[in-house]
Amino acid sequence: MVSKELSKIYDPKSVEERWYNVWLEKKYFHASVDAGGTPYCIVIPPPNVTGQLHVGHAFDNTLQDILIRWMRMSGRNTLWVPGTDHAGIATQNVVERHLAKNNIDRHQLGREKFIEEVWKWKKEYGGRIISQLKRLGASCDWDRERFTMDEGLSRAVRAVFVTLYEEGLIYRGERLINWCPRCHTALSDIEVEHEDEKGKLYHIAYPLSDDHNVRLTVATTRPETMLGDTAVAVHPLDPRYKDLIGKTVDLPLTGRKIPIIGDSILVDLEFGTGAVKVTTAHDFNDYDAGQRQTPNLPRIKMLDDKAAILSDIPDVLPDVLRQVAGKPAKKARGMIVELLQERGYLIKTEDHAHSIGKCYRCKSVVEPYLSPQWFVRTGPLAEPAIKAVEDGRIRFFPRGWENTYFDWMRNIKDWCISRQIWWGHRIPAWYCDDCGTITVSPTDATACGNCGSKNLRQETDVLDTWFSSALWPFSTLGWPEKTKELAFYYPTSVLVTGLDIIFFWVARMIMMGLHFMNDVPFRHVYIHALIRDAEGQKMSKSKGNVIDPLFMIDQYGTDAVRFTLTAFAAQGRDIKMSTERIEGYRNFANKIWNASRFAMMNLEPDFAPNAELMSKDASLADRWILSRLNSVIKEVQSALADYRFNDAASALYQFIWHEYCDWYLEFSKPALNQEEGSAPRKATQTVLSHVLETTLRLLHPIMPFITEEIWQYLPERVRRQRRGDRGRTESIMVSPYPAANETMINPGIEQDMQMVMDTILAIRNIRGEMNIAPSVQIAAIVKVGNKELGEHLEKSAEYVKTLARLQELRIGVAEAKPKTTATGVIKGAEVYVPLEGIIDLTQERDRLMKEIAKISEDIDIFSRKLSNKDFVDKAPKAVVEKDTAKLEEFRVKREKLEQSLKMLR
RNA sequence: AGGCGCGUAGCUCAGGGGUAGAGCGCUACCUUGACACGGUAGAGGUCGGCGGUUCGAAACCGCCCGUGCCUACCA
């Protein structure tokens, strides 16, 4: 028999790669429109080409693969589109660092050569994460793998850009933007991370031009920017200062007079000194205040694109400028403070904690910087995107994220999409050297759209990497071509992603999808938690707390890792990853393996199951496990439908380990030990193999490898389905997903079985508590409350004897209690284990007293409850009845235990 | 500063108006013909605190305390 050759330990390594290759060869992952049916489509959140698989990816993609495999088995026309993201700034940085090792600076290479280098890098490392996803078992349609910068997607990017430009939804203008002086580019608002830092608040005196004895004190955290001040603002209602509005102050260290303005929005009466220096070119609030004033305040730029002090700031004293020019802002700060101190302008310095914006790619402090940039006017796009979620065309799971989405979308600001880097989609805009107009075109422009001149220069900026990501759900399906894929698979079914990119990505896909496809990009958004380390910290390389999923896979196997991640997928929480848990599920895989070995040891290789599962020969246990199986199928189905992955996982775990293995396999042994070909053996073999086979299919989306491996060992006629037979016995992944057969769910059977299990538990309990070794032979006597129970139990006597390891079992209404005896009480019966010569009776007394004490507590709780008139009157009738019955049951039980105790005295 | 979430067994976490749950860990016993990555039986919790609603609160509501995240124009 095959099973004899199988090891007792499941070895994932020998299984996983083999099956993955088979699946690939057989093209099971490939989707085709021509196959028809109902589409089910997911587009993968494209990992960065710089990326390595980390736990977050493993989590995200396991969940997607579960949905995809589930739906594929359920008969849907299922497509999972894979791909990668060029990740503009991130990738450029990586390649820059790479080149720096050889002392090469990208500027030495020049733009074209550098981009070539990035492509080389992409070619070499860009596919790394893809092969890692394959190890995870991801059943993506690899034939359709896309890259945000491949030809088709680049066309889509241009088409979108041009359309939005023509619609007036993309514009170019000089604005204050977030600038990363290290990456040397603009960033959008959400690419800035805020971190609290301890800083200082400097109080600086600005003398009034009229009267240098009167000095206005401003408080600032950034004294170096004072060289670019263009006003001082006070609150128009502030009694201290309101009369000064309209006068000027002499800006220290400069020869400049700047006005005192009133601005109730900029100035908070409570904060600092109540007077604010206004640096219109280097602070967002000041910029806005400058715009509000009439006339608008001038803007004096005093930092360059490296955040260094310019050498030509108007009206700055030459000796001051000589010192600070060219110095980075942070360094200049100290020098300016020193100068202010020397010259008597610094009043005081105090500690002050405030938050500082940092670049999300390199963590450098970002600088508000005035420069010409391209923007998407988001207002008109956001409106329909808000509506789509409001009216339920898109649903978030869990629901709570919708509010986060709404909050952001309702306060959305224009999106700065230009980046001053080289790696990315170059903006398809051309400046005419002759007439100065901009020509925007989907193809490379050769002549000015206005004057026809050929003196064109293409915009050197590239687009924000998230611009192309925003198009992902339709660009990957072929847009702007009207492909059949697009017609069939769009809108996609669900987007599975982490909470960290709701704004970056989810919101923008919704806006773009609605605008260009006139339909939502996906119907459901499943937002999962972020995986953190055991301390709840975000995993990052710099913290050294990264758990490498590939290492876990090597150690425990893919299925164990996947099951762990699935079990962790409770909604709306951070996930703290720990390796101990994986080990538990590795053991689970092994448990399944051994249960299957057991089943196969008891099946002839050419075994053919009975035509009817529930033949007249099916035992109580057989009927019971079928009832349980079908309940679990229902549970798993409904959990998956609601994205309650953890519920699906725990239902399966509970069922397989604690019902199928712990109870059913043990129950099945008496029947299986009967002679080959006998009816009871055949009936049990039928059920045993059916439940195993069905469970494997039920589990397959979560644990694809082990389920396939075992499934292939099952006799062919077991693999062939009874109902809805599609005749696919070649692979579990193309076999149908189990559907519950409600008629097999039978509460009566489950109740009967419970009685049997309770009896066994009562005897085992006595054994355990009395410390009776398993080798010691004991007998048990069950005194039943009525004849029917007795007959029922009599039929199951073999179960009880085997599982409770009894030498003898007597059942009856009239059974007398032997003299020295341990007693257990179950619903409707009493269980006696004669102890004569087996054990010291004081132990039994202790045990009984413990049990009586325990049950007395229960009785107290219930009798207090039931003697409460309000409870009896107001609680639902069913609750009261249930509790009354319980109380009665407890009382009977206690009485019996007390009798037993008395007899021992 | 606002928003969201969390606080349940030693640890990691489910659950959720009607007697507190799982995994790991712990204790005792067991190499029983599927599995020691195993089996059986146990120990262990006034469900963060205080109020309120209710016949009944760990669950619902308020406030507080801890903790995490997101958003933000705290000069």
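Convention: sequence-line order gives letters A, B, ...; per-chain numbering from 1. Below, each value reflects all heavy atoms present in this structure, side chains not excepted, and no hydrogens, waters or symmetry copies.
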J.: Looking only at side-chain N and O atoms, does Asn587(A) come under 4.0 Å of OP1 or OP2 in G38(B)?
T.: yes

J.: Can the ring centroids of Tyr556(A) and Tyr585(A) be said to lie less than 6.0 angstrom from one another?
T.: no

J.: If you check the Lys591(A) side chain, which of U19(B), A75(B), A34(B) turns out closest?
T.: A34(B)

J.: How far does the C1' atom of U32(B) sit from the matching atom of U46(B), given to the nearest Å?
T.: 42 Å

J.: Counting the atoms with a prime plus P, OP1 and OP2 as sugar-phosphate, which does Asp858(A) contact under 4.0 Å by heavy atoms, base, sugar-phosphate, or nothing?
T.: base

J.: Is there a Watson-Crick or G-U wobble partner for A9(B) with both distances under 3.5 Å, and if so, which one is it?
T.: none

J.: Using a cut-off of 4.0 Å on non-hydrogen atoms, how would the nucleic acid contact of Asp286(A) be classed: base, sugar-phosphate, or nothing?
T.: nothing

J.: Hey, which of these two, Phe871(A) or Arg581(A), hits RNA chain B nearer its 5' end, going by closest nucleotide?
T.: Arg581(A)

J.: Taking the side chain of Lys669(A) as heavy atoms from C-beta outward, which of C29(B), A34(B), A75(B) is closest to it?
T.: A34(B)

J.: Side chains of Ser856(A) and Arg894(A): any donor to acceptor distance under 3.5 Å?
T.: yes

J.: May I ask you to verify whether the side chain of Lys8(A) and the base of C35(B) hold a donor-acceptor pair under 3.5 Å?
T.: no

J.: Would the base of C37(B) count as contacting Arg586(A) through its side chain, where contact means a donor and an acceptor less than 3.5 Å apart?
T.: yes

J.: For a quick check of understanding: with a heavy-atom distance under 4.0 Å over all strands, which category does Ala773(A) fall into, base, sugar-phosphate or nothing?
T.: nothing

